[in-house]
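Side-chain atoms are counted along with the backbone in the values below, which use heavy atoms only and exclude waters and symmetry mates. Numbered from 1 within each chain, the chains take letters A, B, ... in sequence-line order.
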Protein chains: 4
Amino acid sequence: MGEAAARGRKSIGAKRNPESADAIIEAAEGVLREAGYAGFSIEAVARRARAGKPTIYRWWPSKAALLIEVYQRQKRVETPDTGNIEDDLAGFLKNLFAHWRDTPSGNIFRSLIAEAQSDGTAAAALAEYSKGRRGHTGRMIERAKARGEVAADVDAGIVADLIASYAWRHLLTDRLDEDDAMIRAAVRYVVRGIAPTP
Amino acid sequence: MGEAAARGRKSIGAKRNPESADAIIEAAEGVLREAGYAGFSIEAVARRARAGKPTIYRWWPSKAALLIEVYQRQKRVETPDTGNIEDDLAGFLKNLFAHWRDTPSGNIFRSLIAEAQSDGTAAAALAEYSKGRRGHTGRMIERAKARGEVAADVDAGIVADLIASYAWRHLLTDRLDEDDAMIRAAVRYVVRGIAPTP
Amino acid sequence: MGEAAARGRKSIGAKRNPESADAIIEAAEGVLREAGYAGFSIEAVARRARAGKPTIYRWWPSKAALLIEVYQRQKRVETPDTGNIEDDLAGFLKNLFAHWRDTPSGNIFRSLIAEAQSDGTAAAALAEYSKGRRGHTGRMIERAKARGEVAADVDAGIVADLIASYAWRHLLTDRLDEDDAMIRAAVRYVVRGIAPTP
Amino acid sequence: MGEAAARGRKSIGAKRNPESADAIIEAAEGVLREAGYAGFSIEAVARRARAGKPTIYRWWPSKAALLIEVYQRQKRVETPDTGNIEDDLAGFLKNLFAHWRDTPSGNIFRSLIAEAQSDGTAAAALAEYSKGRRGHTGRMIERAKARGEVAADVDAGIVADLIASYAWRHLLTDRLDEDDAMIRAAVRYVVRGIAPTP
DNA sequence: ATCTAAACGAGACGGTACGTCAAGTCTTTCC
DNA sequence: GGAAAGACTTGACGTACCGTCTCGTTTAGAT
């Protein structure tokens, strides 16, 4: 019944068809945007992409892998560099919340975390991704350390962990429209706690 | 044809049979313990409980509802009261991590969070539950405030949020065997940040 | 919780309540009329009759038994006595087809036959009922025999069988709107076949 | 997870697997033979065929469709041609009764008739099939007409109808072990009735 | 007049089957 | 020879009924 398949794409041949891959990613994103994680199935993505399921499985070994790829195609959130660690972190969280709230990214990331709870590969991918992000946030702390805003013996990883945890929990409990003042207060508590003792 | 039914339970009468409910809850807990969230299905629970699926659906309209009930049957974690806020919080987190690690609670709660990402009722239940827990942790802060360990203008809810977020993220990323020193460091950063300015 | 029970019926006491029985029969008839055999379930009848399922099972041990009772409550079809066997039989079939076509009887009887294919009690009940009917039609033949219209050595039971079979098959294949001439032709072939040889 | 699939069948590939289809048909036949119409469920057929329910539903949209296919796979009953219409018809009925009695065909056909009472597609299929059979029996009559055994103005369809009806009713009321003399008597009444008037 | 037993409505119970959706694997077809 | 896509098995979904059993109430008939 392939007669009605993938109209518009040309090759179904021996070479990987980049149009198919794109169509799949786009379809996945579309499904997540329109039906959310609950409606996100390989079946649905294949349908929307006018692709066969095995085509998806060939390139992404699991639902989680596809989810990760879709997430990584999203635009990154900006990390400000104001010269002040409290402003940096508060700005970063504000941007992140807005990004998660206003693009499919939030839904995708939530889905990925959920998937990781029952799928080992998703968990691994998420761990890998988180490590990278922790390093990223860690650098903000290190910069501040260099400026003397943060005590030298502070573990930047732990601080990054605290900040990321705060963000995750707000994402997972649907509190991304949190008051700016509240975000700033949370950041301030941590920043004060890691300031050098005078 | 019910001749093979649930030998050992006596009444299957017109009133809700508490033995059936218990058997279902216990089965659900058992499935979660042994097969995790991935293996947690209404079918599996019904099979293990020697109950009919409709009996489960009659009382718990969704997987989430059953999950919530199972979670609420779990023992609570102890919150120490040492007279020192850092010890209190670090001890609480240590206890919580151990509880999540060594009992089915951790699996159940992870599952509940995951379920909440695609099921509204689970999300609502989780929000309700979290509010209660936040109050609980908040009281630890208020006690410290009364002792003068914490500045008067600190928002206890935000601090509780930070601590809970840290715990959640460790649960969700399978890092419950975290070094005690690391937990203590994280707690210390926050506790210092909310101490009264001298 | 009987407080909301079957408003309008008075007694639910120690004697069988004929109002309940009536309500059940009527409900059964109503369900058959409105939803057909496909929708005919004890559950549905109980619902419509505002009766408990056990009340139905107490008095009618099976769906088939209820079906039979419902059928027997229907008005009987008239068997003409014109003094001519061909007119008698053709008239009887005409009346029977009209009766089956224009009242719920047809649906009920079809259901009963269908039920008898998978339910022994229905089969037995149907056999019992058929025997009675065969005797009934047989008497028409015997009268004709007495009048000399039918050969003395003809087995009235077999003739009744042929006539009933013809009726059943038209019911079961939804051909109750058969042309009168056709019915008469079928009857004539048989009547001629059993006439005394001159 | 298909590792435990249908051991013994090889292909589960891109083309419809005829072995699966066969296995399903055979299983359906087996279930009908051993458990009768009462035990005939898609579930049971799938179990016996070691096939998935969706595989059955993909190819047969309903129980009726499967039933029809199973029936059509059955061997046809022989129609004798003795040069005498009474012997032809009595022989045909005798063969038919034996066939229905001694092979699954009888059970299958009964089931199909029963199913047709609540399922439109089964009814349509049955009507279609019956038309074919009526033609078949009709030809026996036409042959006799050509031989002068049957009056020229006799409607062969009606006669075929009478004969088929007699067979159906005996099938449906479980009287397939009817005395040969009885069958012959019934046939004789009809045959005499359609003989040319001398 | 009181007690008892039967019948009632309601509905929970363990089950079976329904028809559907999705997951992930295998195989054929086509470039 | 390798990518695409369809057919496959498996398993879970949530629903409808099945026939049995228990509940608490109501009432007729026996004591």
First locate atom OG of B:Ser105, then atom CZ of B:Arg73, and finally report the distance between them rounded to the nearest 0.5 Å.
-> 13.5 Å
Specify the residue among C:Ile24 and A:Ser62 whose closest nucleotide of DNA chain E lies further upstream toward the 5′ end.
-> C:Ile24
Tested for side chain to side chain donor-acceptor pair (under 3.5 Å) against C:Arg48, the lone hit among C:Glu43, C:Glu29, C:Glu26, C:Glu34 is C:Glu34
How close or far is atom P of E:dA12 from atom CH2 of B:Trp60, stated in whole angstroms?
-> 13 Å
Atom CD1 of C:Ile56 and atom P of F:dC21: how far apart are they, to the nearest Å?
-> 17 Å
For C:Asp119 and F:dC18, give me the distance from atom CG to atom C1', rounded to whole Å.
-> 13 Å
Output yes when at least one side-chain N/O atom of C:Trp59 is less than 4.0 Å from OP1 or OP2 of E:dA6, else no.
-> no
D:Tyr57 OH - F:dC8 P separation (whole Å) = 16 Å
Is a donor-acceptor pair below 3.5 Å formed from side chain C:Lys53 to base F:dG19, judging by atom type as modelled?
-> yes
Heavy-atom side-chain proximity of A:Trp59 to A:Ile24 below 4.5 angstrom = no
For E:dA10, does either OP1 or OP2 sit under 4.0 Å from a side-chain N or O belonging to C:Arg50?
-> yes
Does A:Asn107 offer a backbone N or O that forms a donor-acceptor pair with the side chain of A:Ser111 under 3.5 Å?
-> yes
Taking atom P of E:dA17 as reference, at what distance in whole Å does atom NZ of D:Lys63 sit?
-> 9 Å
Is the closest side-chain heavy-atom distance between A:Tyr37 and A:Ile108 below 4.5 Å?
-> no
Could you tell me the separation between the NZ atom of B:Lys63 and the CG atom of B:Asp119, rounded to the nearest 0.5 Å?
-> 10.0 Å
Report yes if a side-chain nitrogen or oxygen of C:Thr55 is closer than 4.0 Å to either non-bridging phosphate oxygen (OP1 or OP2) of E:dG9; otherwise report no.
-> yes
Quick one: does A:Arg58 reach the base of F:dA4 with a side-chain donor-acceptor pair under 3.5 Å?
-> yes
Listed partners of D:Tyr71 passing ring pair (Phe, Tyr, Trp, His ring centres under 6.0 Å), at least two apart | D:Phe109, D:Tyr129
Whole-Å distance, A:Leu66 CG to E:dA23 P, equals 11 Å
Listed in order of residue number, which residues of residues 25-47 of chain C have a non-hydrogen atom at under 4.0 Å from DNA chain E?
-> none
